[in-house]
Protein chains: 2
Amino acid sequence: MSPRPGLDQTAVVQAAARLADRDGFHAVTLASLAAELGVRSPSLYNHINGLPGLHAALTLHGLRTLLQGLMKAVVGKSGEDALRQACLAYVEFARTHPGLYEAALQPIAPEQTEVIQAGDSVVELLLQILTPYKLTTDDALHTVRCIRSFCHGFCSLERSGQFAMNLNRDDSLAFMIDVFIQGMNLKAGEV
Amino acid sequence: MSPRPGLDQTAVVQAAARLADRDGFHAVTLASLAAELGVRSPSLYNHINGLPGLHAALTLHGLRTLLQGLMKAVVGKSGEDALRQACLAYVEFARTHPGLYEAALQPIAPEQTEVIQAGDSVVELLLQILTPYKLTTDDALHTVRCIRSFCHGFCSLERSGQFAMNLNRDDSLAFMIDVFIQGMNLKAGEV
DNA sequence: TATATTAACTAATATTATTAGTTTGTGCAA
DNA sequence: TTGCACAAACTAATAATATTAGTTAATATA
């Protein structure tokens, strides 16, 4: 054990995630985080590399949590069912952890290899789900980008209040997934 | 004419848009904007209502510019062609004006009626494009949300460096639009 | 028991947004 | 031409932020 084992990086990042989900990603400042932890803000520098380092750690934590949610949702399922459940789990994660999800989608720099790896894991999971469709390598990757695009876009627009009309949002989500799956069935049949 | 007609709100917002596109939306601070305009930051308060007011004005400017781009892209076109061109124009706008696009998608508060109206105009344009599909009112609105979701998701992920793999991004975009249009053709045929 | 390690601290600095109050340039009317 | 009203831009000051430097003190271990 370290001397005075009060905080560690995990505790700091989890508190930051709590703060982000409660008050929004932009509200995660070193000042607010230090207050949340009952500590002075310079003390945080012992655990994270300033505000940029905190953001990077949150991004990584968010991606890994997202991946776990997706894996849990598709285990034991296959084909269209797995695809549908993965999309729903993606949105579910973004809804229950809005701040952490926002952190997960922050711009990433090329030197953040851990973050890139975590993102790749999500891509690989989706690729596995797509194997029944027997797509070419490129088409499978295009499809993964497609899934990520409409799932992220939906979450992002919903979160920022752009779906203001009086129309059930879960219905919209189901509609969108339907259109995608039907389009994919045609793509698969093309070969 | 006003006395000392150096700046006005339009000039301020346009400079902010320039700054956002060059250095990113987060880099638009009153300090950087004042420096860009050769003025002291308190002077900006004569034209915009602080940083929140500046952001709101940028959001509005972004949405209106986006709408113009979409209208220009679909004029004289119809059906599938119009749909495809609208999606491409959407992405094109986000690519050429990344900071302004980011501003356009900022969370909006219920009291920002002008911003909400601008967003509604985009929705209405898309609804018009969809009329040939003869959808029910609800399905048309679901479809608009779908289009906005995958277009925005694609732009957002591309922008934040999440499409890192060595795979042509325009091909992915075309693939995505194809899947959507094929799925919609089935939806339309269902009736 | 003494020491090395390191967590957390205080103090200080730079940058930011913001408010209050002042100066000053411009257009218009007497 | 002169003076006034208006408003744009200013300076000064305040509060909050991130960050760095250097200090204190708690703990594990030799």
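Chain letters run A, B, ... following the sequence lines, proteins first and then strands; every chain starts at 1.
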Subject >> Separation of C:dT24 P from B:Leu7 CG (nearest whole Å) >> reply: 19 Å

**OP:** Round to the nearest Å and state the distance from A:Asp8 atom CG to C:dT6 atom C1'.
**Re:** 14 Å

**OP:** Grab the CG-C1' distance between B:Asn46 and C:dT23 for me, whole Å please.
**Re:** 13 Å

Subject >> Sub-6.0 Å ring centroid separation between A:Phe25 and A:Tyr101 >> reply: no

**OP:** Evaluate the ring pair (Phe, Tyr, Trp, His ring centres under 6.0 Å) criterion for residues A:Tyr90 and A:His152: first the C-alpha distance (whole Å), next the side-chain angles of each, then the deciding distance (0.1 Å), finally the verdict.
**Re:** CA-CA 8 Å; A:Tyr90 190 106; A:His152 168 57; 7.4 Å; no

**OP:** Would you check if the side chain of B:Asn46 reaches a backbone N or O of B:Ser43 as a donor-acceptor pair within less than 3.5 Å?
**Re:** yes

Subject >> Sequence-aligned protein contact record of nucleotides 11-21 of chain D, with B where the base is within under 4.0 Å of a protein heavy atom and S where only the sugar-phosphate is >> reply: BB----SSBB-

Original post:
OP1 or OP2 of C:dT6 sitting under 4.0 Å from any side-chain N/O of A:His47?
Top reply: no

**OP:** Check which hydrophobic residues are tied to A:Val75 through side-chain heavy-atom contacts below 4.5 Å, counting indirect links as well, and list them.
**Re:** none

Show me, pair by pair, the donor-acceptor contacts under 3.5 angstrom made by side chains of residues 12-23 of chain B, not counting sequence neighbours?
{"from": "B:Arg18", "atom 1": "NE", "to": "B:Glu36", "atom 2": "OE2", "distance (Å)": "3.3"}
{"from": "B:Arg18", "atom 1": "NH2", "to": "B:Glu36", "atom 2": "OE2", "distance (Å)": "3.2"}
{"from": "B:Asp21", "atom 1": "OD1", "to": "B:Gly99", "atom 2": "N", "distance (Å)": "2.8"}
{"from": "B:Asp21", "atom 1": "OD1", "to": "B:Leu100", "atom 2": "N", "distance (Å)": "2.9"}
{"from": "B:Asp21", "atom 1": "OD2", "to": "B:His97", "atom 2": "ND1", "distance (Å)": "3.1"}
{"from": "B:Arg22", "atom 1": "NH2", "to": "B:Glu36", "atom 2": "OE1", "distance (Å)": "2.8"}
{"from": "B:Arg22", "atom 1": "NH2", "to": "B:Glu36", "atom 2": "OE2", "distance (Å)": "3.4"}

Original post:
So does B:Glu158 pair up with A:Arg145, basic N to acidic O under 4.0 Å?
Top reply: no

